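These figures come from a predicted structure and were not determined experimentally. Below, read A as the first sequence line, B as the second, and so on, with proteins coming before strands; counting in each chain starts at 1.
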There are 2 protein chains.
Amino acid sequence: MAIHKKEIFSRKEQDLAAFAKAIAHPARIAILKVLAEKNECICGEIVEILPLAQSTVSQHLKELKDAGLINGSIDGPRSCYCINWEAFELFNSEFSGLFKSLQIDQAKKCC
Amino acid sequence: MAIHKKEIFSRKEQDLAAFAKAIAHPARIAILKVLAEKNECICGEIVEILPLAQSTVSQHLKELKDAGLINGSIDGPRSCYCINWEAFELFNSEFSGLFKSLQIDQAKKCC
DNA sequence: AGTCTTTATCGTATATTTGCGATATAAGAT
DNA sequence: ATCTTATATCGCAAATATACGATAAAGACT
């Protein structure tokens with residue numbers, strides 16, 4: 001493909017896409033569920049629950065953190081993670097707001 | 001990586017992840033916006049608007065259709081596409097419902 | 001100091017995604 | 001019948017993502 005064309009699109013589109021990509025893997029959704037249930041959690045607990053290697057879980061956690069969906073802080077030798085609910089609210093409203101204004105025409109069937 | 005482990009996770013997690021993956025690209029979000037604005041649209045119109053080749057747009061449309069987010073029907077030599085609002089509603093409620101039950105603890109800060 | 005525990009990161013192999021040109025297909029127009 | 005138009009699909013190249021073992025780093029504990 002020579003080059004990726006993501007940068008051509010608007011910032012808002014890129015941000016929403018990045019958000020979506022962060023949850024576009026069952027393992028990461030499963031991790032988020034664990035975090036939601038336990039409120040906060042260290043990496044090792046997730047590794048025990050999920051059928052994935054420690055390095056893989058750590059990598060997924062990093063992606064979720066980079067996307068801003070979770071917070072993480074170093075707690076001695078371990079790392080404590082929790083869900084960033086504010087970010088989730090934002091994503092949820094961004095997503096549902098994406099077509100809200102146009103959804104009035106929903107009755108107008110097509111195709 | 002030897003093997004993909006998606007199938008290890010629950011169907012619901014896989015479905016939600018697949019949904020998210022469909023919108024995890026700026027080009028596909030842009031396509032959805034165009035479809036939402038025009039209510040229905042043929043492939044060629046999208047190609048004119050987006051800075052992508054016809055084959056690329058067609059491929060993105062296919063992915064959105066496979067994910068169930070849009071409907072498409074052959075209309076003579078062209079193809080008419082429109083948004084599947086029902087699927088969007090479903091995704092939206094699935095997503096926002098994912099953590100809703102646990103979000104009561106939102107005040108309980110951590111990390 | 002040395003040792004253990006926990007996690008991040010590196011290196012890697014493999015799989016998937018992205019993008020485009022070229023081609024195939026299918027219907028309408030001449 | 002031939003040509004044009006519109007779209008899907010194929011084949012390829014390059015970029016990303018996924019997964020894991022091995023290693024590094026950093027704090028706790030003797």
For [X] and [N], give me the distance from atom [atom1] to atom [atom2], rounded to whole Å.
X: B:Leu61; N: D:dA6; atom1: CG; atom2: P; value: 16 Å
X: B:Leu52; N: C:dG19; atom1: CG; atom2: P; value: 6 Å
X: A:Gln59; N: D:dA17; atom1: CD; atom2: P; value: 10 Å
X: A:His25; N: D:dA19; atom1: NE2; atom2: C1'; value: 9 Å
X: B:Glu45; N: D:dT5; atom1: CD; atom2: C1'; value: 14 Å
X: A:Arg78; N: D:dA28; atom1: CZ; atom2: P; value: 9 Å

Under 3.5 Å donor-acceptor, [X] side chain and [Y] backbone:
X: A:Gln14; Y: A:Phe9; answer: yes
X: A:Glu48; Y: A:Glu45; answer: no
X: B:Asn92; Y: A:Ser96; answer: no

### Message
Run the side-chain contact (heavy atoms from CB on, under 4.5 Å) test on A:Lys62 and A:Lys65 for me, step by step, so that the C-alpha distance in whole Å, both residues' side-chain angles and the decisive distance to 0.1 Å come before the verdict.
### Response
CA-CA 5 Å; A:Lys62 181 176 159 52; A:Lys65 195 179 175 188; 5.6 Å; no

### Message
Both B:Ser79 and A:His60 contact DNA chain D. Which one's nearest nucleotide lies toward the 5' end?
### Response
B:Ser79

Any [X] side-chain N or O less than 4.0 Å from OP1/OP2 of [N]:
X: A:Lys21; N: D:dA17; value: yes
X: B:Arg28; N: C:dT18; value: yes
X: A:Tyr81; N: C:dA8; value: yes

### Message
Is the ring pair B:Phe91/B:Phe19 parallel, tilted or perpendicular, if the boundaries are 30 and 60 degrees?
### Response
parallel

### Message
Parallel, tilted or perpendicular: which one describes the rings of A:Phe95 and B:Phe88, with boundaries at 30° and 60°?
### Response
parallel

## Note on the structure
Here the residues of residues 62-76 of chain A within 4.0 Å heavy-atom distance, strictly under, of DNA chain D are A:Glu63, A:Gly76

For [X] and [Y], work out which heavy atoms get closest and say how close.
X: B:Ile83; Y: B:Asn71; result: O-OD1, 4.1 Å
X: A:Ala22; Y: A:Ala67; result: CB-CB, 3.5 Å
X: A:Leu98; Y: B:Lys33; result: CD1-CE, 3.4 Å

### Query
Are A:Lys12 and A:Glu94 close enough that some pair of their side-chain heavy atoms sits under 4.5 Å apart?
yes

Table of protein N/O atoms under 3.5 Å from nucleotides 21-24 of chain C N/O atoms:
{"residue": "C:dG21", "atom": "N7", "partner": "B:Ser55", "partner atom": "OG", "Å": "3.2"}
{"residue": "C:dG21", "atom": "O6", "partner": "B:Ser55", "partner atom": "OG", "Å": "3.3"}

### Message
Within the supplied structure, the quantity of interest is the number of heavy atoms (other residues, nucleotides, ligands) at a distance under 6.0 Å from A:Ile74 CD1; does it exceed 12?
### Response
no

### Query
How does DNA chain D read in dot-bracket, base by base from 5' to 3', with Watson-Crick or G-U pairs under 3.5 Å and | used when the partner is on another strand?
||||||||||||||||||||||||||||||

### Message
Considering every strand and a 4.0 Å limit on heavy-atom distances, what is the contact class for A:Ile42: base, sugar-phosphate, or nothing?
### Response
sugar-phosphate

